[in-house]
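In what follows, every heavy atom counts, from backbone to side chain, and hydrogens, waters and symmetry copies are set aside.
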Amino acid sequence: MNKAEFLNALKKSISEYPVEETEKSMEYYEEMIDDRVEDGMSEAEAVASLGTVENIANQIKCELPITTLVKQKAKAKTQDKKLPVWAIILLILGFPFWGGVVIFILGMIIMFYSLIWIMDIMLWAVTICLATGALTGLIGCFVSLFRTSFGSAAFYLGGGLLCGGLGIFLFLGSSLITKGIVHGTKKCFLGIKQTIVGKEN
């Protein structure tokens with residue numbers, strides 16, 4: 001497959017999406033082919049190194065903004081299907097019920113997600129407090145030693161080491177929890193996006 005054939009096939013595969021997105025993708029892959037040809041590849045080799053048109057089209061679709069995907073899905077489903085008048089009336093009259101349910105569900109999801117982040121922030125706040133306690137203990141130990149108050153120095157040192165140990169433990173736990181929340185958020189977002197895009201056969 002040469003450059004022109006590849007670009008034509010790609011354009012057909014992504015023609016359903018907005019013109020600006022299509023043109024941007026076409027320019028990007030045209031430049032990639034040109035760069036590889038300049039590096040010494042033949043046109044056919046440059047095209048083959050990019051992968052199949054189907055895989056590239058799916059990748060482009062997955063990289064589109066989620067709002068664009070929703071609009072395109074809605075447009076595709078309603079293009080040849082017009083709702084009857086009675087269905088539109090029922091939707092309007094039923095909005096106080098189904099609209100309230102949708103808002104309630106969205107509110108619960110946002111609240112649950114916010115609570116997870118609030119708990120994570122609280123753990124980080126405790127970790128910072130323990131780190132401050134460890135630093136204060138070490139400073140108090142040195143000041144007490146300078147004043148030759150060995151009992152106070154031992155007390156400050158013990159408290160500082162205890163705070164430091166607990167702080168390290170909480171720091172590791174907080175880091176894992178934060179990474180887990182971020183990773184889970186990405187997975188959920190990608191899952192929603194993949195559901196909207198759909199699996200290509």
Side-chain angles (χ1 to χ4, degrees), residues 14 17-18 21 24-25 28-29 31-32 35-36 49-52 54-74 99-201:
I14 61 173
Y17 292 95
E21 297 289 344
K24 188 164 57 174
S25 297
Y28 173 74
Y29 283 99
E31 284 178 15
M32 280 187 73
D35 289 342
R36 295 183 186 197
S49 68
L50 298 176
T52 64
E54 291 77 13
N55 288 340
I56 292 170
N58 286 337
Q59 185 181 347
I60 291 168
K61 289 174 186 177
C62 287
E63 289 172 357
L64 285 171
I66 197 163
T67 51
T68 301
L69 295 172
V70 171
K71 286 177 185 175
Q72 290 302 126
K73 278 284 181 181
V101 171
V102 169
I103 291 168
F104 173 77
I105 292 169
L106 287 174
M108 291 296 291
I109 292 169
I110 292 168
M111 185 183 73
F112 178 73
Y113 186 70
S114 299
L115 281 173
I116 292 173
W117 275 110
I118 288 168
M119 287 189 291
D120 187 49
I121 290 167
M122 287 174 65
L123 280 175
W124 279 108
V126 173
T127 303
I128 291 167
C129 288
L130 288 170
T132 305
L135 184 61
T136 304
L138 290 174
I139 292 169
C141 176
F142 286 121
V143 171
S144 297
L145 285 173
F146 181 73
R147 294 178 178 177
T148 64
S149 178
F150 298 110
S152 296
F155 174 77
Y156 279 118
L157 180 62
L161 290 174
L162 179 63
C163 287
L166 289 172
I168 291 169
F169 176 75
L170 268 181
F171 173 78
L172 295 173
S174 300
S175 297
L176 287 173
I177 290 169
T178 302
K179 286 178 184 175
I181 294 171
V182 171
H183 181 71
T185 302
K186 286 180 181 176
K187 291 286 282 184
C188 288
F189 182 76
L190 288 173
I192 292 168
K193 202 169 185 183
Q194 186 62 44
T195 301
I196 294 170
V197 173
K199 293 183 179 177
E200 301 289 336
N201 293 324

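- In plain terms, the two heavy atoms of Ile56 and Gly51 that are nearest each other are CD1-O, 4.0 Å.
- One finds the CD1 atom of Ile109 at 11.0 Å from the CE atom of Met111 (value rounded to the nearest 0.5 Å).
- Annotation: the span from Leu157 atom CG to Leu161 atom CG amounts to 4.5 Å, rounded to 0.5 Å.
- In this structure, OG in Ser152 is found 9.0 Å from CZ in Arg147, a value given to the nearest 0.5 Å.
- Taking the side chain to side chain donor-acceptor pair (under 3.5 Å) definition, one finds that Thr178 meets it with Asp120, Trp124, sequence neighbours left out.
- Looking at residues two or more places apart in sequence or on another chain, you find no ring pair (Phe, Tyr, Trp, His ring centres under 6.0 Å) involving Phe169.
- Residue Cys129 holds its SG atom at 12.5 Å from CG of Leu166, rounded to the nearest 0.5 Å.
- In this structure, Thr136 has no side chain to side chain donor-acceptor pair (under 3.5 Å) partners at least two apart in sequence or on a different chain.
- Taking every heavy atom of both residues into account, Tyr156 and Ser144 meet most closely at CD1-OG, 3.5 Å.
- Minimum heavy-atom separation, Cys163 to Ala134: CB-N, 3.5 Å.
- Within a 6.0 Å sphere centred on OH of Tyr29, heavy atoms belonging to other residues, nucleotides or ligands number more than 12.
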Item to check | Met119 vs Ile177, side chain to side chain contact (heavy atoms under 4.5 Å, CB included): CA-CA, chis, key distance, verdict | outcome: CA-CA 10 Å; Met119 287 189 291; Ile177 290 169; over 6 Å; no
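- When Thr132, Val126, Thr127 are each tested for a side-chain contact (heavy atoms from CB on, under 4.5 Å) with Leu130, only one passes: Val126.
- Heavy atoms from other residues, nucleotides or ligands lying under 6.0 Å from CE of Met122 number 12 at most.
- Of the inter-residue distances, the one linking Phe112 atom CZ with Ile110 atom CD1 reads 13.5 Å to the nearest 0.5 angstrom.
- Going from atom SG of Cys141 over to atom CZ of Phe150 covers 10.5 Å, rounded to the nearest 0.5 Å.
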